[in-house]
Each structure stands twice: as C-alpha cells, then as structure tokens.
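Worksheet: one structure, shown below.
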Amino acid sequence: MSVKTPLSCLSLVVIMTVNSVLFAQSPATSSADILQSLQKLNTVATVLYVAAHPDDENTRLLAYLAKEKKFRTAYLSLTRGDGGQNLIGSEQGDMLGVIRTEELLAARKVDGAEQYFTRAVDFGYSKNPAETFTHWDKKTILGDVVLTIRRLRPDIIICRFPTTGEGGHGHHTASAMLALEAFALAADSTAFTDQLREVKVWQAKRILWNTFNFGATNTTAPDQFKLDVGAYNVLEGKSYGEIAAESRTNHKSQGFGSAAQRGSSIEYFKLMKGDAVVSDIFEGVNSNWSRFPKGNAIGAKIDKCIKAFDPLHPELSVPDLLKLHQALKVLALTNGKSSYYYQKQLELEQIIFQCAGIWMECNAKEVVAIPGEKVKLTAQFLVRNPLLVQMKSVSFNSATDTVVNDTMNHNMLFKCTRDIVVPDNTPYTDPYWLKVPHEQAIHIVHQPKMIGLPQMDCPLTATYHFVIGKSEFKVVKPVVYKLTDPVLGEYYKPLEILPPITVTPMRSVLVTGDDQEKSLFFLVKTNVDNFEGTLNVKMTSKLDVRVLNPSFSLEKKGDEKLIEVKVKIKDPQFSGNLKAYVMRNDKRYGMAIQRIAYNHIPHRFILKEADVKLVRTDLKMAGKKLAYIEGAGDDVAECLSDVGYSVTALNNDQLMNDDLSIYDAIVVGIRAFNTNEKLYLCQDRLMAYVKNGGRLIVQYNTNSRVGPLNAGIGPYKFTISRNRVTDERAEVRFVNDSLKVLQYPNAIMQNDFKNWVQERGIYFATEVDSAYHYVFEMNDPNEKSDKGALITANYGKGYFVYTGLAFFRQLPAGVPGAYRLMINLLSQPTKP
Ligand SMILES: [Zn+2]
C-alpha cells in the first residue's frame, strides 16, 4: 500500500491507513474544517519539502501550501533528530529521536502537512556532506528519498538547503544533494527496481531551493522567485504566520517557542532543476481535476457541493457526496491504489463522516495489553447529525464479529464491549525503527512497508462496518486508552502492548578502578497478575556475579521490585555487558523499558535488552571531595560519584556563602554560564577559590548572540569559539608529553582516546592568553590543527581548566580514557 491519507483532513482511519497522530485526541471537526476539506478535495497537486532534521522545516510555507493552496503537502525529514540537544529533559540519542518524531507530528497537526522520514540516524554535528556520507550508507538513504517521491508523486519538490554548503551542517547539504539526485532517479525505471513492486516511477516537474535569511547568512535575493505566504485564512481565523508559529512551538525539546508573524511575508526560491519558471513556482502545475481524463466531471460535482454546503446543516451535503464517492470509487478501482482517485476517495470518506457528525472510538480498559492475555475493549459509535446510518457489524482486531444490523438512532451513543485475547504474535508497540539495535548511523527496519512512516499504529483495532444511503463503509480504528486527570482533564495515551514483565537496570553503565564488589539494581515490573519468576544474569569468567534473592513473586499487575546484583570485575582491563533476564516456566524475558512522558506529545516507550555496560580500568585518584555547579543538564556529577568521589551540588547561594576550601575541586557543568544567569556574579568567589589553592574545571560554554557570556570565565583571558572536532576518531596529539596533567596520577596514552562517542569536543578556546598551557592538538579531516580543546593555568596556589572535550558524552558512555583524563584534571597538585 503506497498511499497515505493526509493528516490534515481526517478524523478517522480508513482500512489499512497508518496514522499515529490520531492517538493524541479525538479531533473536533467544525463546519469551517469541513469546508476546507471540501476545497482540498477539489485540488489535486502535491508538494514535497525536504530537509535533514525535525525543526529544519519552514512551517510558514508548509501551512500556506497545505491550507491556502490546498495542496497535499509533506515534509520529508531525513533524520529523527537523535543527535540534537534536549532542552526539556535528559533523553539523548534514540530516546530524543522518539521525542522529536512526535514533536514533528504535533507540528504537522497544526500546519496541515504530512510527515515522513528516511532511515538515516542523526549522529550529531557534521561539517560537510562528505563526512556525512561516511556515516550514512548513501544508497540506502537515497533509496528512501526516491521511495518517498514515488509514493507521494509530488509536482514540486522544495529543499530547505542548497547543495553548495550555505546551509552549514553537513546533513543539511546532504539533504539537498539527495533530493536533487532522487528528483531524477524517481523517474528512472532502472533505479531502485525493487520499489517498483509497490510504486510506479515518477517525474516531478521541478525542484527548488527555498532560500533563507538566517541572520548571519542571507541567501535570498530580489531576483529570485517570490511567494507571499502571509495570507489570512478566514476559515481558521488566522494568518499563515500565526499557524506557523503554533506549529513550530511544538519543537519544545529544541526551545523553539515562536512568535506569530502577521502581514505580508515573502518566501524566496531558486530553481535547482526541472522545468523553467518565469515568475510563479507552480507554473505548469494543473491543480484542478481537469488534469485527469475524467476529471472535469468530478471537479464540477465538488464545485457544486462546495456551493451548496450549509454550515448549519452539513448533513444535507451527504447525498451528493455519496454520489461523488461512488464515481471516485469506480475510478480508484480501475486506476489502482497508487492513483490520485484512491487518495481522494479516502479523503472524501472522511468528509462524509464529518458531515454526518459520525464519531467513533475504541477504548481499552487498561493502558497495557499483553500478547496471549485478555483485554477489555469498548467500541463506541455516534451519529450526531440527523441522518440514517445502519450499523452492520463491529469486529475487534479483525477477528470476532459482533453482528449488529441495527439503525443508529440520532445522537444516541452505541456501545459494544468485549473481552478479546490479544494474539500471541502481536508486536510490542515500541518504535518500529528501534526494534533492532543499530550500530551504524542507519535504522534497521525489517518491514519494507514501514520505511518512511513516522510511527506504527496500534496493532489492536476495531472495524466498524456501516451503511449510509446505499454506500457501505468499513472503518478500522486503532484502539486507544483515555483517562481523566484532575488537572489535565481528559487525555489520550497510545495503548501499550508490552511483555508480561520488564527488567530495567537502574543504571546503564558502571565504571570502576578496582575489583571491589559493587551493587547493581534491576527493577522487575509485572504487567500481569501473579507473576513468579527468577532473575538471572549471563555469566562470564571475567566477572564474579551474585544475584541476591533471585526468586520473586509479584501479586498485582503493575507491582514492581528492585533486585540487587553484586558484581566484581576481576579483569583489570574489562569492558563488556552484563545481561539480565527473568525466567518463568522455561520462558525467558529480558526487555528493559524506558519511558518518555511529556504532555505536548503522546507518551511513548523504548524496549531494549536489559544490560549494564561494565568497565574496569586503571583509575588513580588524588582527592575525594568535589563540588558540581549544574549547567544545562549532564550526567558528569553522577559518573564521578560512581567512581568514588563525594560530589556536592552547589547553587549560587551556596557558592557565595559556603566555605569552598573544603572541596578538592569544583566542576562546572556544560553551559552553566549560559543557563545560570547569575553565575557570573559568583566569578570572583570562584577565582578566589582557585587563588587559594582550589581546582576549577569549566566544561564547554558557548559565546554567541543567543548565549552571550557576561564576563570572562578564567583567571586570564581567552575567548570561546565555535571550533569543534566532530570526528570522534580524530587523532589526538600531545603538545608536550612531559606535562604533569598527562602524567599524574594516571599516565595518559593514545589508548585513552579510543572508543570515544559522537565527537571529540566543541566550543574550543581561542585567543588564549600566554599564561595558559595547551595540552592537545587535534582536527577534523582536511582542517587546521586546533589546540583549544583543553587549556590549563596555574593561578595563585590553584589550578584552572577550560575544556571543550565532550566529557558529558564520554563519561555516561563508559569511555575509560575519558574517566582517566577527567580524574587527572581533578587531581593536579596545587601549592600548599
Ligand atoms: Zn538542521
């Protein structure tokens, strides 16, 4: 199945369509919405917008295309934004990708466009497309872009970025390069031939670059093609600048709350390839039904329906819409499911239901369902406008048919409740693209039909089979769960299909410098009543492992218990995983669960193998007592406490008033001077602490128009640049082998820079005063060597460090060398 229903205009899911946005709530449909849907039904053009990340998209242009031009409009984001920052919580990587996927879907609900993805993983900042393609398998991602074009059949493709690099980020440039190549390849019957079983080749008319003015970079010019997207939509009571701001504000994890723009606003475009343009970028695109052989008659019928539409009595439109539906159905049958007719037939069905005031929903009694176990489902159906609807049957999970054969009385709620056994082979509802762990920067998806889709629908469904006039409809609705919260009111949650028990480690990494016995805790949580089992761990000869009280019994669904595992790492240089699992009646359960719960998006979870990364390395420490100044949020303090430091978090008051001399070192969290507005006022205290013999380690801060620094952050002058080394394998050269910081208490070697993750470092120091020492030199391929990753200085009796090295990524990932180097910074001798 290649065609998806647009997100903008439907409240129901028709047979086999995939649409997760519907989880969030039961959408209201006003007569103004219906009228817009009718106008959209009368328009047959498609635009595909392409960029690299969630938040790259131009929501104002998308809203204008979807709601003013009434085109089918879609945004293809190559990635799910897994490598970005997170301003609302501590989720990183795959978890962040799930959040940003949902934020995109929430944004599309507002601006009326659809959302698609490729399998590319956002692996973090990339300086150029050549580097990007060393991480992404180009052929796979190109194939995904081609597939999206062949599925959607856009008339026009618009890139956010150019192929020439003005977009900065390597992913951005790569997105335009891939779109440009795919523009031609989608029409080539010899390219990606395996797709042609599902879709046909397609040649879009042209591909354009939507030039931009992002403050420092202005790529717009008066001689480019222009489009005024500042129009006002009377049916919405908003202009597209207002709708765009509402849409964009959903990117909350990126801090993209946006102001509404009102009045005329011009978008600029440059032709990249395809048919020439004189002035209008839509030249030659016929968006009327007349573009199809039998289209004129269809267009005339829709025109008539629009003219006759009575906002107070939308049900009066139903007889004419049913005739139109009959005509479209015949055309869709002869032209196939990838045709426009089929697409429009689905759209029209939603409009018919909306005109009839039909509401339907299937709820589960509980939020969790288990394969092989029973679940109580209630299907509801309501006809809110005076219109005759005959219900033939309701079936649950396309199995048990409940024959109804009854007339649905006007505004009388129909309810049907059944206990259904969830089929044993029902998939868990964790994100489909994370079901197989990925080692490379590409998501592994075993079901080709899922590739590109934003989310998977709930596999449990209710199917309503009913008749309006002489037309029969079968509507499949995914099961949802809803609850009433005293503060939030009624809200919806996706139904969770879960294993009977989850085994979740309370930490993901344990790093140690010795062979002392350490405690790990696993949380076992049952999703069924009366679960009796034992917790087991996979043994290796390099570890001594004991599970304390492995047998457990949990009486009620939702009950949980912590089980302690004692582990001793015997091998002095160890790095490996300890896997845990629960056994019950010869069956093995080893999935850990991580939850994502924010109110602006549907709640989601990730399932992964229950394991803890164990690392033992040589760690010598001097000093024990640390203070930590929290910044934008990182796990460095926790990691240091894991290896034996006593760590106290200090707020500004404590910094000003407490005796700081009791601390062996003070560590400043990432971007603390940017996020803690008053921290600069404590700068004199911190410098006095260093002068009197303290050690102060400042992790990266930024210095920009958005996040300016109010004062210097070291005892001598330096500037924070945007210089970074993104290649986590980049060679690290020692400026001077005999520097104490490379010797004491741990001898730092090349080996310590192995297996770093994502990047070496960011926001390096520059214009550095000669009182500082450089320690390392490094660079990305084909770039100049940079010494700013780590600078140190003696000041008074003490020691000061500024470092852009990405300790905040390496320590939580259990990179031994990063621990050894950080401990050296914390342990440097000072004068008595
Ligand atoms: Zn981006």
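Just so you know, ligand 1 is whichever comes first in the structure, and atom 1 is the first atom listed for that ligand.
With hydrogens and angles disregarded, a donor-acceptor distance shorter than 3.5 Å links the side chain of N701 to the backbone of A672.
Cation-pi geometry between R80 and F117 is met: the NZ or CZ atom falls under 6.0 Å from the ring centre, inside 45° of the normal.
The aromatic ring centroids of F282 and F71 lie less than 6.0 Å from each other.
The angle that H53 ND1 and H172 NE2 make at the Zn ion (ligand 1), rounded to 10°, works out to 100°.
Residue H169: no N/O/S atom is found under 2.8 Å from the Zn ion (ligand 1). Here D56 reaches the Zn ion (ligand 1): one of its N/O/S atoms is less than 2.8 Å from the metal. Taking 2.8 Å as the criterion, H171 does not count as a coordinating residue of the Zn ion (ligand 1), since none of its N, O or S atoms falls below it.
Under a 4.0 Å N-O distance rule, the pair R729/D727 qualifies as a salt bridge.
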